[in-house]
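Before any comments, here is the structure.
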Amino acid sequence: MLSAPELKFPVPWGHVAAKAWGPSEGHPVLCLHGWLDNANTFDKLIPLLPRDYYYVAMDFSGHGWSSHRPAGSSYHFLDYVSDVRRVVAALQWRRFTLMGHSMGGSVAGMFCFLYPEMVDKLILLENLGFLLAPEDTEAWLKSKRIMIDRLLSLEAKQQTPKARSPEAALQRLLEANRHLTAEGGAILLQRGATETPAGLVYNRDMRARTQNQEFFTVEQCLKLLWKIQDRVLIILARDGLLVPRKLDRSSHYVKALQEAFESTLKEHIQLVEVPGTHFVHLNEPEVVSGIISNFLTAQNARARL
């Protein structure tokens, strides 16, 4: 399972790129990366997981080696969900496991709620499956206005992507992702940048930074999660972005969501805290690989971790 063949799925605006590990006849697992990352985020984790599964890690549109969306388009959160649906249709998968890191976890969660009959198990890495709505209506409206204004500003500038030396490109990536190690950053950069005569140019679409998100209330989150109870594994890193005791006051909604999980869903979701940072699955995959492997292979997803 050392090799990871490249896959390419046609879409109306180009293609969605992906890479695969394992036998194609094995039980399918679709792996979804985080915001502005790419499929390489799973390069170190998947080789440590059960070898008789078929793992496909895709690049969302505008990320990695996937095509950018057409001119004039924005990156709506549901567009990423539709990327998943297109890839699954191309693979002709009827039922599969979803694993998502960070933003990829939110996409995986939304896909589960829309197509619960297609997902047998859900694995969330450093994500709780949702983006909670701001309690302040004005804050919600402001976030939408900022998204539109940033998109129009990017279109007006029409900037040529900046070329950097390999060292500068890696340094910029690490500055923007303080949880990444140099090794992890280099792995992401292999798929996240293209070599040109002037230097490395990031592949990601700048418009992806202005994604239009889908928000839920805590009550909606709980109602949706009941649809896939007993089949969910959530792994949070102690020094990551979502451990409640380390969040600042502005992130109280994450605390509220986790408290609601624990008080309402209780044993119906496996929530595990591990040592590490937001990119623990890439930086130290052995910390989470055993937990994920047990969850994947258990006949009953309520198996002990």
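Atom CZ of Arg145 sits about 9.5 Å away from atom CD1 of Ile148, to the nearest 0.5 Å. Rounding to the nearest 0.5 Å gives a distance of 8.5 Å between CG of Leu271 and CG of Leu233. Atom CG of Leu124 and atom CG of Leu122 lie 4.0 Å apart (nearest 0.5 Å). Rounding to the nearest 0.5 Å gives a distance of 10.5 Å between CZ of Phe111 and OG of Ser82. For the atom pair CG of Leu32 and CG of Leu125, the computed distance is 10.5 Å after rounding to the nearest 0.5 Å. The distance from atom CD1 of Ile234 to atom CD1 of Ile269, rounded to the nearest 0.5 Å, is 4.5 Å.
The salt bridge (charged side-chain N to carboxylate O under 4.0 Å, His left out) search around Arg191 returns Glu6, Asp59, not counting sequence neighbours.
For the residue pair Ala18 and Phe9, the shortest heavy atom distance occurs at CB-CE1, 3.8 Å. Gly26 and Tyr54 get closest at one heavy-atom pair: O-CB, 3.7 Å. Across Leu170 and Gly185, no two heavy atoms sit closer than the pair CD1-C, 3.6 Å. Of all heavy-atom pairs between Pro47 and Trp21, the closest is CG-NE1, 4.4 Å. When all heavy atoms of Val119 and Cys112 are compared, the closest pair comes out as CG1-SG, 3.5 Å. The heavy-atom pair separating Phe279 from Leu188 by the smallest distance is CE2-CD1, 4.2 Å.
Taking 4.5 Å as the limit, every side-chain heavy atom of Arg204 sits out of range of all side-chain heavy atoms of Phe60. Using a 4.5 Å cut-off on side-chain heavy atoms (C-beta onward), Val16 and Ser67 make no contact. Using a 4.5 Å cut-off on side-chain heavy atoms (C-beta onward), Leu7 and Val56 make contact. Considering only heavy atoms from C-beta on, Gln270 stays 4.5 Å or farther from Ile123 through its side chain. Using a 4.5 Å heavy-atom cutoff, the side chains of Met118 and Val84 are not in contact.
Put simply, the side chain of Asp79 gets close to the backbone of His76: a donor and an acceptor are under 3.5 Å apart. His63 places a side-chain N or O within 3.5 Å of a backbone atom of Leu36 that can act as its donor or acceptor partner. Checking side-chain atoms of Asn283 against main-chain N and O of Gly184 turns up no donor-acceptor pair under 3.5 Å. In this structure, the side chain of Asn203 does not engage the main chain of Trp65 through any donor-acceptor pair within 3.5 Å. Looking only at distances, a side-chain donor or acceptor of Asn127 sits under 3.5 Å from a matching main-chain atom of Ser102. Tyr80 contributes no side-chain N or O that, together with a main-chain N or O of Met103, makes up a donor-acceptor pair within less than 3.5 Å. A donor-acceptor pair under 3.5 Å is formed between the side chain of Arg207 and the backbone N or O of Ser73.
Note: Tyr53 and His27 have perpendicular aromatic rings, judged against thresholds of 30 and 60 degrees for the angle between ring planes. Classified by interplanar angle (parallel below 30°, tilted 30° to 60°, perpendicular above 60°), the ring pair His278/His179 is perpendicular.
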Sequence neighbours left out, cut at 3.5 Å: what donor-acceptor pairs do the side chains of residues 87-98 make with other protein atoms?
unit_1	atom_1	unit_2	atom_2	d
Arg95	NH1	Glu117	O	2.9
Thr97	OG1	Asp120	OD1	2.7

Atom pairs and distances, donor-acceptor, side-chain atoms in residues 286-293, under 3.5 Å, two or more places apart:
unit_1	atom_1	unit_2	atom_2	d
Ser289	OG	Pro285	O	3.4
Ser293	OG	Ser289	O	2.8

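When ring centroids are compared, His101 and His281 come within the 6.0 Å threshold.
Atom NZ of Lys144 has more than 12 heavy atoms from other residues, nucleotides or ligands within 6.0 Å.
Note: the hydrophobic cluster containing Phe77 does not contain Leu151 (ILVMFWY, side chain heavy atoms under 4.5 Å, direct or indirect links). When hydrophobic clusters are built by joining Ile, Leu, Val, Met, Phe, Trp and Tyr residues whose side-chain heavy atoms come closer than 4.5 Å, directly or via intermediates, Leu128 is grouped together with Phe113. Cluster membership check: Trp13 shares its hydrophobic cluster with Leu78, using side-chain heavy-atom separations under 4.5 Å among Ile, Leu, Val, Met, Phe, Trp and Tyr. Val11 and Met58 fall within a single hydrophobic cluster, where Ile, Leu, Val, Met, Phe, Trp and Tyr side chains are chained together by heavy-atom contacts under 4.5 Å. Tracing side-chain contacts under 4.5 Å through hydrophobic residues (I, L, V, M, F, W, Y), one never reaches Met110 starting from Met147; they form parts of separate clusters.
Under 3.5 Å, the side chains of His15 and Ser66 contain no donor-acceptor pair of N or O atoms.
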Please test Gln171 against Glu175 for side chain to side chain contact (heavy atoms under 4.5 Å, CB included), starting from the C-alpha separation and ending with a verdict.
CA-CA 6 Å; Gln171 184 60 35; Glu175 288 173 357; 3.4 Å; yes
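Figure legend: Arg85 and Tyr115 shown as a cation-pi pair, the cationic atom lying under 6.0 angstrom from the six-membered ring centre and within 45 degrees of its axis. Both the sub-6.0 Å distance and the 45° axial angle are satisfied by Lys121 relative to the ring of Phe295.
Just one residue in the list Glu126, Glu273, Glu284 forms a salt bridge (charged side-chain N to carboxylate O under 4.0 Å, His left out) with Arg238, and that residue is Glu273.
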